[in-house]
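Numbers here simply count residues along the sequence, with the first being 1. From a predicted model like this one, the values you see are computed outputs, not experimental measurements.
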Amino acid sequence: MTAPLSSSPAAHEPPAEAVMPLIRGVAVLAALTEAGGTLSASALERRTGLARSTVDRITATLSRMGYVRLDGRESVLTPRVMELGNAYLAALRLPALLDAHADALADELDESVSLAVADRDGIRFIHQATRRRAMSVSFRIGDLLPAERTAPGALFAAEWTEREWADWRARRAADPTDAGFPAVPPRSPAAADDFEARAERTRRTGWALDDQLVEPGLVAVSVPVRDPGTGRVACVASVVSHTSRHTATDLRETLLPRLRTAVTAMETELREAAARPVEPGPPPSGLAVWTTASKHELGRDFVESLARGLTVLTAFGEGRSALTLTDVAKATGLTRATARRALITYAHLGLVTADGRDFALTPRVLSLGYPPLSRTSLARLADPRLRALADRLHEPTALAVWVPGADPAEIQYVAVAAASRVLTVDITVGTRLPAGRTALGRALLGRTGPDGYALADEELESGLRSIAVPVRDRTGHPVAALNVATHAARRTLAECVSEVLPALHATAAQVQDDLHIASRFTHVPLS
């Protein structure tokens with residue numbers, strides 16, 4: 001069923017070989033996801049039904065793994081947790097092959113375009129090309145919607161077996177208001193109940209329409225993208241708008257033909273990709289050794305079975321969409337027995353399916369942290385890292401990016417962290433400065449020394465010194481720069497290099513790693 005994982009156990013009891021700490025850890029991640037990424041320990045207790053001591057041990061373990069940041073009494077999801085969803089998306093291959101087509105269609109139509117896959121009797125988004133408007137679609141990658149309240153759902157349901165229809169009817173009866181789908185408003189008692197008829201209609205027409213099924217004003221038209229090998233629906237492409245721009249009839253008459261053309265190109269892409277061999281990416285390494293070392297260091301506060309279980313998900317990826325038990329054990333360094341128990345647990349939770357000897361991830365893996373982080377920005381990614389650096393050095397730090405089209409070149413501050421000093425630099429988010437006269441600008445311009453840093457000494461203002469390093473995207477291109485500023489009386493230039501630069505490099509590397517993980521399958525705006 002599509003009940004949220006934080007409501008687990010599922011309808012049946014877990015098998016005897018299931019790893020209970022892993023089930024509890026998954027419940028904590030799901031609860032954090034449903035809450036938008038942040039919850040206090042007491043709120044986690046209430047949402048999961050777990051004891052406070054259990055919650056504390058789980059969040060401590062997730063923090064050690066880099067999936068959660070402990071901020072006072074709150075647990076906050078971090079970009080690192082997206083590696084779980086990235087493993088599913090990489091194994092699926094559809095985003096890598098079809099994202100560019102969806103983005104091009106969104107640009108052409110100036111409307112939002114999404115790609116969705118089936119997740120039991122719901123649909124889950126794997127790509128969103130969203131228009132930035134005051135009134136825009138707020139769905140995120142990983143969000144789960146009930147099939148009957150969407151156009152894609154009707155297209156998937158057109159292929160359902162009678163057993164799948166029975167499961168859908170049982171879920172509707174158990175959850176009449178869609179409480180198990182936090183991404184959508186509650187169902188109205190007066191909502192139309194014609195889903196089976198709509199599914200039959202889409203079987204005949206080959207397309208589907210959403211005329212304000214999710215909420216008033218939202219309309220969408222959808223077309224299936226079919227797998228070249230099986231002919232079944234691999235995913236569904238949708239154009240989404242609102243009624244002040246397009247009526248449902250207008251979507252069908254004016255945008256459906258262009259959507260069909262784009263889907264034809266997508267299916268051609270899938271056929272060509274099927275003929276090309278996929279080189280598997282490198283599997284994770286050293287994970288079993290790392291978990292053992294963490295257990296020795298942290299003792300009972302580190303739940304080793306949870307950490308080892310989560311590493312199993314990262315064994316999957318590009319070229320590794322289906323793995324045997326032996327493959328999983330080899331990729332993670334875990335014993336076959338440990339890997340087997342984790343896979344049994346994931347099958348119980350609906351995160352893994354088994355086909356003979358092969359295991360594969362399901363779209364439900366995206367429910368572990370992905371939605372609230374898929375709409376993040378570089379500034380938000382960097383903010384906690386900047387605050388930690390400012391607290392460590394007792395100096396203000398900042399992140400800046402290019403100002404597009406500025407001539408001469410300018411930088412703009414997009415994130416700042418102040419220091420608790422009487423005499424300090426006071427530059428706010430949004431401030432623009434000439435690129436050539438700042439260390440940040442020089443780092444972005446590539447005017448850095450052999451150690452990858454730039455200095456500015458009292459050029460903008462007497463007494464102000466700054467040292468900066470670049471932050472690079474997945475292609476190695478500098479997209480931002482990170483600096484530490486100080487007063488000349490506090491640190492000499494040599495001390496800036498010897499005392500500040502190592503910490504600055506380390507923080508920039510952390511921001512860069514977060515950016516690389518977050519931007520693998522999502523667009524990360526710089527500000």
Side-chain angles (χ1 to χ4, degrees), residues 377-473 477-515 524-527:
S377 66
L378 177 58
R380 284 198 292 269
L381 291 178
D383 182 69
R385 305 295 193 184
L386 265 63
R387 285 189 279 115
L389 180 61
D391 290 344
R392 176 181 174 184
L393 297 177
H394 306 290
E395 301 283 10
T397 69
L399 185 81
V401 300
W402 290 116
V403 176
D407 187 16
E410 288 184 329
I411 59 164
Q412 183 172 28
Y413 287 75
V414 295
V416 296
S420 55
R421 286 185 178 275
V422 175
L423 183 62
T424 188
V425 179
D426 183 19
I427 294 181
T428 59
V429 170
T431 299
R432 296 184 179 189
L433 294 173
R437 296 178 58 194
T438 64
L440 286 163
R442 290 170 187 168
L444 273 168
L445 288 165
R447 298 175 187 168
T448 57
D451 293 326
Y453 68 91
L455 281 167
D457 185 23
E458 302 188 77
E459 296 179 45
L460 277 178
E461 185 174 334
S462 296
L464 177 62
R465 282 181 177 150
S466 177
I467 184 169
V469 296
V471 173
R472 302 179 186 276
D473 63 15
H477 180 71
V479 293
L482 179 65
N483 87 327
V484 171
T486 187
H487 190 273
R490 289 203 294 266
R491 282 188 168 96
T492 65
L493 289 176
E495 288 169 340
C496 286
V497 174
S498 64
E499 298 174 1
V500 174
L501 184 59
L504 186 60
H505 270 314
T507 301
Q510 292 171 335
V511 173
Q512 198 163 269
D513 288 347
D514 289 345
L515 175 61
V524 178
L526 299 181
S527 60

Give the minimum heavy-atom separation between [X] and [Y], together with the two atoms involved.
{"X": "A454", "Y": "A443", "result": "CB-N, 3.8 Å"}
{"X": "P396", "Y": "A419", "result": "N-CB, 3.6 Å"}
{"X": "A415", "Y": "A379", "result": "CB-O, 4.0 Å"}
{"X": "A508", "Y": "P470", "result": "CB-O, 4.2 Å"}
{"X": "A409", "Y": "W402", "result": "CB-CZ3, 3.9 Å"}
{"X": "A418", "Y": "A390", "result": "O-CB, 3.7 Å"}

Is there side-chain contact between [X] and [Y], with at least one heavy-atom pair below 4.5 Å?
{"X": "T397", "Y": "T507", "value": "no"}
{"X": "L493", "Y": "I467", "value": "no"}
{"X": "R385", "Y": "D514", "value": "yes"}
{"X": "V511", "Y": "L381", "value": "no"}

Gap between atom [atom2] of [Y] and atom [atom1] of [X] - 0.5 Å precision:
{"X": "R442", "Y": "E459", "atom1": "CZ", "atom2": "CD", "result": "4.0 Å"}
{"X": "E499", "Y": "T486", "atom1": "CD", "atom2": "OG1", "result": "9.5 Å"}
{"X": "L445", "Y": "I411", "atom1": "CG", "atom2": "CD1", "result": "9.5 Å"}
{"X": "H487", "Y": "E395", "atom1": "NE2", "atom2": "CD", "result": "10.5 Å"}
{"X": "L378", "Y": "D473", "atom1": "CG", "atom2": "CG", "result": "10.0 Å"}
{"X": "T438", "Y": "R432", "atom1": "OG1", "atom2": "CZ", "result": "14.0 Å"}

Give a yes or no answer on whether the side chain of [X] reaches the backbone of [Y] with a donor-acceptor pair at less than 3.5 Å.
{"X": "E458", "Y": "L464", "result": "no"}
{"X": "Q412", "Y": "V403", "result": "no"}
{"X": "R465", "Y": "A456", "result": "no"}

Run the side-chain donor-acceptor check on residues 477-484: report pairs under 3.5 Å with partners two or more places apart or on a different chain.
residue	atom	partner	partner atom	Å
N483	OD1	A398	N	3.2
N483	ND2	S466	OG	2.8

Could you go step by step and tell me if L501 and V469 meet the side-chain contact (heavy atoms from CB on, under 4.5 Å) rule? CA-CA 8 Å; L501 184 59; V469 296; 3.8 Å; yes
Going by the side-chain contact (heavy atoms from CB on, under 4.5 Å) test, name the single residue among V401, L526, T431 that passes it with V414.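 Of V401, L526, T431, side-chain contact (heavy atoms from CB on, under 4.5 Å) with V414 is met by V401 alone.
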Identified side-chain contact (heavy atoms from CB on, under 4.5 Å) partner of Y453 from the options V500, T448, V497: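 Output: one option passes, namely V497.
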Test L389 against L504 for side-chain contact (heavy atoms from CB on, under 4.5 Å), laying out the working first. CA-CA 8 Å; L389 180 61; L504 186 60; 4.0 Å; yes
What verdict does the salt bridge (charged side-chain N to carboxylate O under 4.0 Å, His left out) test give for R387 and D391, after you've listed the backbone C-alpha separation in whole Å, the side-chain angles of each residue and the deciding distance to 0.1 Å? CA-CA 6 Å; R387 285 189 279 115; D391 290 344; over 6 Å; no
